[in-house]
Amino acid sequence: MVNNKPASKQQTIETEFLNLDYSFQGLTSAQLKQYAAQKLPKNFNQLKQQLAKGEYKNKTEGRTVSHMLNRSIHNVVKAGNGKNRFTEIVRTLRSGKWLGATGKPIQNVVNIGVGGSDLGPMMGSFALKEFADDNTLHHLNTHFVSSMDGGQLYAVLPIIDPETTLFIIASKSFGTIDTLANVNTVKEWIKPKLTEKQWLANHVIGVSANNQAMTDFGIPPAQQISFADSVGGRFSLWSAIGLPIALTVGSNQFSKMLDGAKAMDDHFVQTDDPTQNIPTALALLGLYNREERQINNVAILPYDGRLRYLPSYMQQLDMESNGKQATHDNQPLKTPTGPIIWGGFGPNGQHAFFQHLHQGWDKFTADFIAVLHRQAPGFTTEVQNALREQQRLAVSNCLAHRKLMWEGFNSPQDPRNEYIGNHPTNLLYVDELTPHSFGALIAAYEHKVFTQGVIWGINSFDQPGVEKGKHCAVDILKTIDGHETQSFDPSTDAIIKRM
Ligand code: F6P
């Protein structure tokens with residue numbers, strides 16, 4: 001039997017750029033305040049200040065954490081070796097003035113990168129497409145290639161032409177094998193039409209914190225855009241790594257995305273009351289669900305198709321940051337840290353995994369993300385009206401499922417129609433999706449992750465756990481390629497033999 005009453009009054013935090021409704025969390029704001037007093041460290045304000053100033057320490061990697069300094073285009077440009085490369089490159093490419101080696105304008109841009117060098121730029125470019133500055137004289141198609149197996153490249157190469165394609169090699173380290181493997185294949189593919197020299201001179205931009213590696217690779221200095229080593233990969237869409245977003249919407253709109261993030265930064269840093277601070281409240285509600293209700297997963301459910309890449313972005317942001325078993329000072333932790341983040345585009349999830357959410361056996365919590373209105377520019381009035389109606393349809397579904405997940409539905413005579421309920425959820429909503437509100441939403445999640453990391457006493461800015469697998473893969477590849485004959489285990493050995 002379930003009987004969660006709806007909250008007697010709406011529990012909400014409203015700002016000009018993002019709103020959080022936590023009415024279906026089962027915590028009043030007074031309880032949240034009490035919980036905050038127990039959980040937030042005494043020096044929380046000081047830590048927030050350090051983060052804002054780029055002074056927070058990523059001790060294990062021996063550097064500071066500076067992504068919050070990138071919330072202005074001025075700083076993004078300044079990081080580009082002090083030269084105005086970012087905006088200049090954006091302008092030249094978007095105006096069709098960037099010519100390939102054989103004199104044809106660039107029409108396709110392929111971003112080759114993985115993890116933070118892929119997920120943020122891809123999500124932002126897709127979400128904000130309709131806000132492209134209308135001074136675009138020239139249509140640029142943007143593609144994203146990340147997978148080390150070449151599967152994405154395989155699909156993109158047949159629809160582009162070496163003479164009219166520019167590749168962004170996006171890699172903070174400029175040493176990630178996934179990215180370099182894709183780049184190697186591209187170097188083979190251009191051969192019938194371009195020499196490597198021509199390709200490097202006109203068809204490649206490097207975005208990295210490793211200037212030397214870009215130079216060694218042969219990228220001309222004017223086509224290198226750098227950013228600070230202290231910007232973590234999963235926090236890098238605000239830096240030059242966001243170039244594909246700027247190419248899609250223009251520097252001006254990119255700048256508005258940074259402004260939105262800055263507005264959220266100010267809200268986070270300046271609002272002391274945790275019940276009025278969106279990222280802090282998100283962190284505490286998440287913590288409560290993890291520790292008090294033992295829920296180990298969060299579904300990210302955007303109800304606006306433009307945000308469909310948000311769940312995978314959030315997986316890296318949260319899980320790579322807070323999936324840790326040891327503290328800052330390398331002490332083993334006894335309680336669990338970051339939950340499993342998963343999810344998908346909400347309306348489509350309704351026709352796929354929602355059955356399990358409503359009537360399956362597992363506990364979960366979810367963030368519903370809704371956009372209440374839609375302008376739908378560029379269409380006839382009739383089409384705009386139809387699209388707005390679709391937006392209302394999506395929001396009504398979002399509200400309905402969220403309600404059912406919390407309240408449940410009793411049907412003692414007909415168990416097939418019983419809904420368990422009691423699944424706590426958040427609703428994050430904006431009146432309209434704009435570069436500004438998008439920037440604010442993503443920054444809110446960054447600060448939520450930071451706050452939880454601080455409470456757990458972990459370093460949210462390193463990722464030691466992804467290294468072992470990489471090293472092991474090197475040994476296995478040597479054996480597959482026949483350069484070594486190592487034995488691993490009967491299963492691995494059998495697959496290698498079959499290859
Ligand atoms: O393997 C993890 C990781 O280091 C991520 O943290 C990072 O975003 C990704 O790989 C890509 O790294 P890079 O931008 O250096 O190629």
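Both counts, for ligands and for their atoms, begin at 1 and track the order of listing. Here, residue 1 is the first one in the sequence, and each next residue gets the next number.
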Report yes or no: do [X] and [Y] form a side-chain donor-acceptor pair below 3.5 Å?
{"X": "Gln224", "Y": "Thr215", "value": "yes"}
{"X": "Asp489", "Y": "Thr492", "value": "yes"}
{"X": "Asn322", "Y": "Thr337", "value": "no"}

Mind checking what residues have non-hydrogen atoms under 4.0 angstrom from ligand 1?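 Within 4.0 Å of ligand 1, protein side: Val114, Gly115, Gly116, Ser117, Ser171, Lys172, Ser173, Thr176, Gly233, Gln316, Glu320, Gln463, Val466, Lys470.
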Only counting residues at least two apart or in another chain, list the ones meeting side chain to side chain contact (heavy atoms under 4.5 Å, CB included) with Thr176.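 For Thr176 the side chain to side chain contact (heavy atoms under 4.5 Å, CB included) partners, ignoring immediate neighbours, are Val114, Ser171, Ser173, Asp178, Thr179.
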Suppose we screen for ring-ring contact (aromatic ring centres under 6.0 Å, His included). Which residues come up paired with Phe364, at least two apart in sequence or across chains? His423
Qualifying residues under side chain to side chain donor-acceptor pair (under 3.5 Å), relative to Glu188, sequence neighbours excluded: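 Partners of Glu188 under the side chain to side chain donor-acceptor pair (under 3.5 Å) test: Lys191.
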